[in-house]
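Because only heavy atoms are used, hydrogens play no part in the values below, and waters and symmetry mates are left out as well, while side chains stay in.
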Amino acid sequence: MQKNTRNLGASEILELVFIYLAEISSLKDYDEILEVLANMGKVLTNADRCSVWVVSDDDTEIWTKVAQGIDIIRISKTSGIVGASICSGERFIIEDVYQDTRFNKEIDKESGYKTKSMMLIPMYDYDDNIIGAFQVINHQGIKTVFDTRDMEHLTLASSYAAETLVSAKLANEIEETQKEIVLTMGAISESRSKETGNHVKRVAEYSKLLALAYGLSKEDAELLRQASPMHDIGKVAIPDNILNKPGRFDENERFIMDTHAELGYQMMKSSKRPLLKAASIVAREHHEKWNGKGYPRKLAGENIHIFGRITAIADVFDALGSDRVYKKAWDDERIFQLLREERGTHFDPKLIDLFFDNIEAIKKIRETFKDIYIKKVDLTRDKQITILGAYGTKSKGYGTTAFYLNKKNVIDAGNLLEPLNIETIDIQNVWMTHSHLDHIIDIAYILDNYFNLRTKSLNIIGLPDTIKAIKKNFLNDTIWPDFSKIPLTLSSEMAVTYTEIQLGQEYEIGEEESIRAFQTDHTVESCGYVYTKNNASVLITADTYSLDNAIQEINENTNISSIVVECSFPSEMRELAINSKHLTAELLFEKLDAIKREDIVIYIHHIKPAFFKRITDEIAIYKGKWETNILEDGFFVNF
């Protein structure tokens with residue numbers, strides 16, 4: 001059985017890659033090299049099979065150069081899911097190919113093989129022309145489907161395959177240059193820090209443009225273009241839990257993260273190749289600052305190599321201006337303001353002037369290499385909410401209750417800052433279920449961290465007693481500032497406003513989106529919500545004991561297909577659960593017996609982490625006929 005690469009760290013992934021590269025370095029036959037690359041793609045993604053598809057010379061067909069388990073086949077370039085990926089340039093993660101009308105079932109019939117899940121990524125040559133696709137089939141893990149982590153690994157594998165195809169066509173350069181080029185460029189392609197491949201392309205093009213504007217020779221400008229994508233190569237040695245942490249680093253984490261600049265330099269400093277020598281300089285010096293307060297060596301002014309000074313601007317500009325799945329891009333006005341403020345402090349003042357002198361060309365590069373995000377295909381559902389906090393208390397790795405409905409609306413605020421980070425500046429409405437601290441705590445922190453960036457009030461919405469409790473006991477100038485008296489820096493609106501809601505009234509929160517509150521049963525006044533999008537609904541309760549009103553909603557509203565409900569304690573704590581108005585697994589499913597429908601999917605949250613295993617074991621015992629899902633931070637609820 002192959003090792004699950006989702007559980008491997010960066011160094012282990014690279015070690016695995018090196019094993020395959022060592023094998024490739026001894027091969028000269030084109031087909032044999034591709035076979036090894038396909039094996040690498042298979043192992044890196046825990047797939048049962050991996051295929052390399054190539055566009056024919058006349059651009060009319062695609063054919064498998066490597067297709068494990070089946071003979072070579074040829075199909076029209078526009079045929080099937082592979083053709084769709086090649087023609088559109090999109091990446092696909094598909095959980096069930098037989099629900100996708102593009103899937104060519106004839107291949108399965110001819111081979112006798114059953115395809116279930118699939119993942120695809122196009123391959124590009126040096127001129128960004130699509131030359132084929134990398135495809136993996138049937139994930140071998142417990143969940144049997146691919147995820148974005150597998151896509152990151154496939155990106156790594158596909159970059160090697162594309163490099164091999166192009167190099168072989170160009171003159172057998174594989175034998176002489178493959179080891180170093182694949183090692184360095186591949187590390188960037190892995191995108192462990194959640195940056196897209198187009199990020200490094202844009203940084204490369206911005207860097208070349210600024211280099212030429214600064215007066216560097218065409219040769220040096222081209223050298224910088226090739227070297228600058230390696231600026232963060234040292235991040236390959238940074239642990240995942242630090243590299244991909246969504247919130248702020250503590251002092252120790254920041255120290256570890258900052259070592260990536262020196263680590264990148266050390267990886268390449270001994271190379272005799274001009275490209276890697278340049279890359280080592282870029283890696284080491286792109287975080288230095290003009291005023292000498294950067295790292296790792298606190299160089300200042302022109303003591304910082306021009307390659308480092310240029311890449312610093314290119315990298316910061318692109319990082320701030322690019323949308324990611326985990327953050328929203330800054331608008332140009334904010335980016336330009338920051339660059340001007342940091343002229344002569346962080347950045348070389350002459351380069352900042354040249355940046356603005358060439359701003360239209362820079363914008364054109366950004367548009368040419370704009371991001372195309374991974375598309376996860378779900379043919380049956382287009383409505384979902386994100387669980388930002390799923391647990392019944394806050395501790396390391398566990399967030400308390402918060403549900404993301406859309407970019408402006410959340411239910412509860414137990415865990416907003418860590419998963420959303422700067423995106424919290426877009427949140428306008430927090431729909432409160434009740435006033436307990438674990439459901440309101442991040443109201444304080446998103447205001448505290450992003451007060452100076454917000455342009456709209458944070459509207460706290462809830463039942464009258466909930467609003468009263470928050471005003472009196474929380475945002476009261478004693479526990480935390482009364483932000484309803486404080487205007488925002490970027491607008492005349494107050495930082496906080498309050499809105500009392502009525503039970504049963506429908507409130508519009510977006511196009512074809514609405515929310516309605518219903519009474520729940522807790523130790524303080526509380527409510528749950530029915531969230532509706534495009535005539536489909538999900539019912540959400542937070543802390544509650546009685547489910548009578550929720551069950552009435554479910555029985556009377558056939559648009560509700562999923563419910564989110566709490567389960568806080570193990571059944572041995574039944575008395576505590578009742579006294580604190582919470583549920584155990586046994587109590588929960590006793591109450592759910594009153595539902596008169598059998599088409600409801602149950603999502604369970606608010607489990608106390610200390611009792612997680614005991615409660616989930618009990619849910620498995622008591623759930624009976626119900627389809628149940630245990631929620632964790634970052635999970636989705638489909639409805």
Considering only heavy atoms from C-beta outward, does the side chain of I595 approach that of N555 to under 4.5 Å? yes

Mark yes or no for whether S117, through its side chain, and H139, through its backbone, hold a donor-acceptor pair below 3.5 Å. yes

Minimum side-chain heavy-atom gap L475-I443 below 4.5 Å: yes

Side chain to side chain donor-acceptor pair (under 3.5 Å) between T455 and S491: does it pass, once the steps are laid out? CA-CA 5 Å; T455 58; S491 76; over 6 Å; no

Going by heavy atoms in the side chains, are L576 and I578 under 4.5 Å from each other? no

Salt bridge (charged side-chain N to carboxylate O under 4.0 Å, His left out) with E367: which residues, sequence neighbours excluded? K370

Using the six-membered ring of F92, assess whether NZ or CZ of R102 lies under 6.0 Å from its centre and within 45 degrees of the ring axis. yes

Who passes salt bridge (charged side-chain N to carboxylate O under 4.0 Å, His left out) against D465, sequence neighbours left out? none

What are the two closest non-hydrogen atoms of I441 and G414, and how far apart are they? CG2-O, 3.5 Å

If we ignore hydrogens and angles and just use 3.5 Å, is the side chain of D477 paired with the main-chain N or O of D482 as donor and acceptor? yes

Partner set under ring-ring contact (aromatic ring centres under 6.0 Å, His included) for F356, not counting sequence neighbours: F336

Which atom pair, heavy atoms only, marks the closest approach of C567 to L588? CB-CD2, 4.3 Å

Scan T466, D543, T400 and name whichever one has a side chain to side chain donor-acceptor pair (under 3.5 Å) with H439. D543

Do the side chains of W330 and L338 get nearer than 4.5 Å, heavy atoms only? yes

For Q552 and E556, test the side chains for any donor-to-acceptor distance below 3.5 angstrom and give the result as yes or no. yes

Would a distance-only check, ignoring hydrogens and angles, find a side-chain to backbone donor-acceptor pair under 3.5 Å from T541 to V564? yes

Going by heavy atoms in the side chains, are V430 and I461 under 4.5 Å from each other? no

Is it true that E512 and K533 have a side-chain N and a carboxylate O under 4.0 angstrom from each other? no

Is there a donor-acceptor contact under 3.5 Å linking the side chains of T532 and S537? yes

Within 45° of the ring axis of Y498 and under 6.0 Å from its six-membered ring centre, is that where the NZ or CZ of K471 lies? yes

Test salt bridge (charged side-chain N to carboxylate O under 4.0 Å, His left out) on K407 and E423; report intermediate values, then the result. CA-CA 8 Å; K407 67 184 296 184; E423 279 190 279; over 6 Å; no

Between A577 and L587, what is the shortest heavy-atom contact and its length? CB-CD1, 4.4 Å

Please name the pair of heavy atoms, one in A133 and one in I86, separated by the smallest distance, quoted to 0.1 Å. CB-CG1, 3.8 Å

Report yes if the distance between the aromatic ring centroids of F403 and Y531 is under 6.0 Å, otherwise no. no

Quick check: do Q135 and M119 have side-chain heavy atoms less than 4.5 Å from each other? no

Only counting residues at least two apart or in another chain, list the ones meeting salt bridge (charged side-chain N to carboxylate O under 4.0 Å, His left out) with E493. K456

Hey, does the side chain of N557 reach the backbone of I554 with a donor-acceptor pair shorter than 3.5 angstrom? no

Partners passing ring-ring contact (aromatic ring centres under 6.0 Å, His included) against F474 (at least two apart in sequence or in another chain): none

Donor-acceptor pair, distance only, cut-off 3.5 Å: does the side chain of N549 make one with the backbone of Q519? yes

With a 3.5 Å distance limit and no angle check, can you tell me whether N473 reaches the backbone of A469 through a side-chain donor-acceptor pair? yes

Could you tell me which residues satisfy side-chain hydrogen bond (donor to acceptor under 3.5 Å, both in side chains) with N429, sequence neighbours excluded, listed by chain and number? N409, N459

I'd like to know if the side chain of R614 reaches the main chain of F569, judged simply by a donor and an acceptor atom lying under 3.5 Å from each other, with no hydrogens or angles considered. no

Does the ring center of Y398 lie less than 6.0 Å from the ring center of Y391? yes

Which pair of non-hydrogen atoms, one from T433 and one from A542, has the smallest distance, and what is that distance? OG1-CB, 3.3 Å

Sorted by first residue and then second, give each salt bridge (Lys or Arg N to Asp or Glu O under 4.0 Å) pair with at least one member in residues 599-609; sequence neighbours left out. R597-D599

Of all residues at least two apart in sequence or in a different chain, which pass the side-chain hydrogen bond (donor to acceptor under 3.5 Å, both in side chains) check with H605? none

Under 3.5 Å, side chain of S457 to main-chain N/O of M494, donor-acceptor pair present? yes

Centre-to-centre under 6.0 Å for Y529 and F518, is that the case here? no

Taking atom types as modelled, is there a side-chain donor on S571 or E618 under 3.5 Å from an acceptor on the other? yes

Considering residues at least two apart in sequence or located in another chain, which fulfil the side-chain hydrogen bond (donor to acceptor under 3.5 Å, both in side chains) criterion with R340? none

I'd like to check the ring-ring contact (aromatic ring centres under 6.0 Å, His included) partners of F103; sequence neighbours left out, ordered by chain and number. Y98

For R516, which residues count as a salt bridge (charged side-chain N to carboxylate O under 4.0 Å, His left out) partner, sequence neighbours excluded? E506, E553

Between W480 and Y445, is the gap from one ring center to the other below 6.0 Å? yes

Nearest heavy atoms of E205 and F369, plus distance in Å: CG-CE1, 3.6 Å

With the side chain counted from C-beta on, respond yes when I94 and F146 share a heavy-atom pair under 4.5 Å apart, and no when they do not. no

Any R366 side-chain heavy atom under 4.5 Å of I362 side chain: no

Polar side-chain atom of T424 near backbone of L420 as donor-acceptor pair, under 3.5 Å: no

Step by step, would you call I335 with F317 a side-chain contact (heavy atoms from CB on, under 4.5 Å)? CA-CA 7 Å; I335 299 170; F317 170 68; 3.6 Å; yes

Counting neighbours of NZ on K625 that are heavy atoms of other residues, nucleotides or ligands and sit closer than 6.0 Å, is the number greater than 12? yes

When you compare the side chains of T489 and N452, does any donor N or O come within less than 3.5 Å of an acceptor on the partner? no

Just checking, is any N or O donor in the side chain of E566 or S568 under 3.5 Å from an acceptor N or O on the other one? yes

Donor-acceptor contact below 3.5 Å, side chain N629 vs main chain Y603: no

I'd like to know whether NZ of K472 has more than 12 heavy-atom contacts from other residues, nucleotides or ligands below 6.0 angstrom. no

In terms of heavy-atom contacts, does NZ of K105 have more than 12 from other residues, nucleotides or ligands at under 6.0 Å? yes

Check side-chain hydrogen bond (donor to acceptor under 3.5 Å, both in side chains) between K581 and all other residues, then give those that pass, not counting sequence neighbours. D521

Counting heavy atoms not belonging to E575, are there more than 12 under 6.0 Å from its CD? no

When you look at NZ of K394, are more than 12 heavy atoms from neighbouring residues, nucleotides or ligands closer to it than 6.0 Å? yes

